[in-house]
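Whatever order the structure lists them in is the order used to number ligands and atoms, beginning at 1.
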Amino acid sequence: MPTGYFITLEGGEGAGKTTLLTHLARKLETLGHPTLTTREPGGTPLGNILRQLLLESDRLAPTTELLLYAADRAEHVSQTIQPALNGGKIVLCDRYTDSTVAYQGYGRQLDLDLIQQLNQIATCGLAPHLTFWLDLPVETGLKRAGDRAKNMGQSLDRLEQTPLDFHHRLHHGFRQLAEQNGDRIARLDATQPPDCLATAAWVLLTTRWPELAQTAQSRSTPAQP
Ligand code: TMP
């Protein structure tokens with residue numbers, strides 16, 4: 001069965017993941033590569049309901065929150081991600097298991113081994129082939145997220161309103177993950193303007209998989225990651 005490419009984007013609030021994901025997807029689609037963009041929480045109909053609950057509920061118990069993210073992921077992997085990969089697609093996913101380690105593990109300080117086990121159950125062991133970590137100072141990210149919410153006439157969601165030390169802890173968590181998984185996680189300096197960030201990500205992506213820089217038609221056989 002052909003296997004696609006599973007790429008995740010990770011980072012704290014306001015890091016620019018969604019903009020980068022849109023840019024990469026456009027570029028890959030222009031070259032004719034079948035691409036699926038998705039996100040967590042919220043990559044399935046159930047996930048959208050869970051996303052609303054998670055981002056808008058006040059005072060969810062940390063374990064409840066953890067289990068809801070795991071439920072979202074289990075549904076997402078089985079209904080969306082794995083079928084797309086089985087069909088040979090490039091899956092670009094806005095957040096995945098590293099977010100749970102950073103936010104619920106380092107941020108909420110839940111047990112890291114338990115999170116590891118839950119991630120394993122929810123994903124059936126499906127790990128990304130490549131993860132971009134958009135590294136941005138916490139204060140810069142929160143300012144960007146606040147400005148974005150203001151421009152759209154929205155209030156900040158629950159997680160963006162949590163205390164600063166929570167955001168510093170999760171930033172530290174992402175750094176630890178990047179150090180421990182150097183072969184999978186590529187750090188990107190997210191203080192760069194979006195165009196430069198997109199170029200840096202594209203260079204990393206096509207250095208790893210040169211076939212993605214070519215048009216899909218010019219690839220004779222689907223390459224395996
Ligand atoms: P975002 O996708 O717009 O960044 O919002 C998703 C929010 O959910 C963000 O604050 C991070 C949070 N989150 C977790 O806390 N744990 C997780 O496992 C995931 C996927 C997201």
Open item on the list: If you take the nearest heavy atom of each of Arg95, His76, Glu13, Glu10, which one is closest to atom 6 (C) of ligand 1?
Closed with: Arg95
TODO: Considering only NZ, NE, NH1 and NH2 on the basic side and carboxylate oxygens on the acidic side, decide whether Asp98 and Arg184 come within less than 4.0 Å.
DONE: yes
Task: Contact atoms of ligand 1, heavy-atom distance to Arg73 under 4.0 Å - done: 18 (O), 20 (C)
TODO: Give yes if a backbone or side-chain nitrogen or oxygen of Asp94 is under 3.5 Å from a nitrogen or oxygen of ligand 1, and no if not.
DONE: no
Open item on the list: Quick check on contacts: which atoms of ligand 1 are under 4.0 angstrom from a heavy atom of Tyr103?
Closed with: 10 (O), 11 (C), 14 (C), 15 (O)
- [ ] Could you tell me whether Tyr103 and Tyr69 have their ring centroids closer than 6.0 angstrom?
- [x] no
Task: Heavy-atom side-chain contact between Arg148 and Arg144 under 4.5 Å - done: no
Task: Distance-only N or O hit between ligand 1 and Gln104, under 3.5 Å - done: yes
Open item on the list: For Leu55, state whether at least one heavy atom is located under 4.0 Å from any atom of ligand 1.
Closed with: yes
Side-chain atoms of residues 39-46: list all donor-acceptor pairs with protein atoms under 3.5 Å, sequence neighbours left out, distances to 0.1 Å.
{"unit_1": "Arg39", "atom_1": "NH2", "unit_2": "Asn48", "atom_2": "OD1", "d": "3.3"}
{"unit_1": "Glu40", "atom_1": "OE1", "unit_2": "Arg73", "atom_2": "NE", "d": "2.6"}
{"unit_1": "Glu40", "atom_1": "OE1", "unit_2": "Arg73", "atom_2": "NH2", "d": "2.9"}
{"unit_1": "Glu40", "atom_1": "OE2", "unit_2": "His76", "atom_2": "ND1", "d": "2.8"}
{"unit_1": "Thr44", "atom_1": "OG1", "unit_2": "Gly47", "atom_2": "N", "d": "2.8"}

Open item on the list: Tell me whether the rings of His171 and Trp133 are parallel (<30°), tilted (30 to 60°) or perpendicular (>60°).
Closed with: tilted
Task: Atom indices of ligand 1 within 4.0 angstrom of Thr100 heavy atoms, with elements - done: 17 (C), 18 (O)
In a table with atom names and distances, give each donor-acceptor pair under 3.5 Å that connects a side chain of residues 22-32 to protein atoms at least two apart or in another chain.
{"unit_1": "Thr22", "atom_1": "OG1", "unit_2": "Thr18", "atom_2": "O", "d": "2.8"}
{"unit_1": "Thr30", "atom_1": "OG1", "unit_2": "Arg26", "atom_2": "O", "d": "2.7"}

Open item on the list: Under 4.0 Å, counting heavy atoms only: does Glu65 come that close to any atom of ligand 1?
Closed with: no
